[in-house]
Amino acid sequence: MATPNYSYEKRQRELAKKRKAEEKRQRKLHGKPAEGDSSEPNDTDAAPESPDAPPAEPQT
């Protein structure tokens, strides 16, 4: 049976820790998005258009 490569496992743990720290740094830099939040902006103040509604006329 082969012996475990502990140095490889340790390196993988270190890389995962670095990756997690970088993601945390990016979240702090850009503000905290809610958990499960998509990258698309939330458009709550715009009313949804119904497919049967006529197109809006431009303001002149």
Side-chain angles (χ1 to χ4, degrees):
M1 187 161 148
T3 59
N5 188 350
Y6 292 114
S7 60
Y8 175 79
E9 293 173 8
K10 181 178 180 182
R11 179 70 178 144
Q12 294 304 307
R13 283 193 307 268
E14 289 172 351
L15 288 173
K17 194 182 291 187
K18 266 189 175 180
R19 208 171 16 252
K20 188 174 180 182
E22 179 64 21
E23 290 172 2
K24 185 176 182 181
R25 189 184 72 78
Q26 289 294 325
R27 280 196 310 267
K28 281 186 171 184
L29 186 65
H30 297 303
K32 293 183 182 179
E35 287 297 320
D37 190 18
S38 65
S39 60
E40 298 176 16
N42 191 0
D43 212 352
T44 56
D45 50 9
E49 285 188 35
S50 68
D52 299 331
E57 299 199 16
Q59 298 283 334
T60 54

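Treat the numbers as computed from the prediction; the structure is a model and nothing was measured.
The side-chain heavy atoms of K18 and E14, taken from C-beta on, include no pair separated by under 4.5 Å.
To the nearest 0.5 Å, atom CZ of residue R11 and atom CG of residue N5 are 13.0 Å apart. Residue E23 holds its CD atom at 6.5 Å from CZ of R27, rounded to the nearest 0.5 Å.
We find that E22 and R25 are joined by a salt bridge, their nearest charged nitrogen and carboxylate oxygen being less than 4.0 Å apart.
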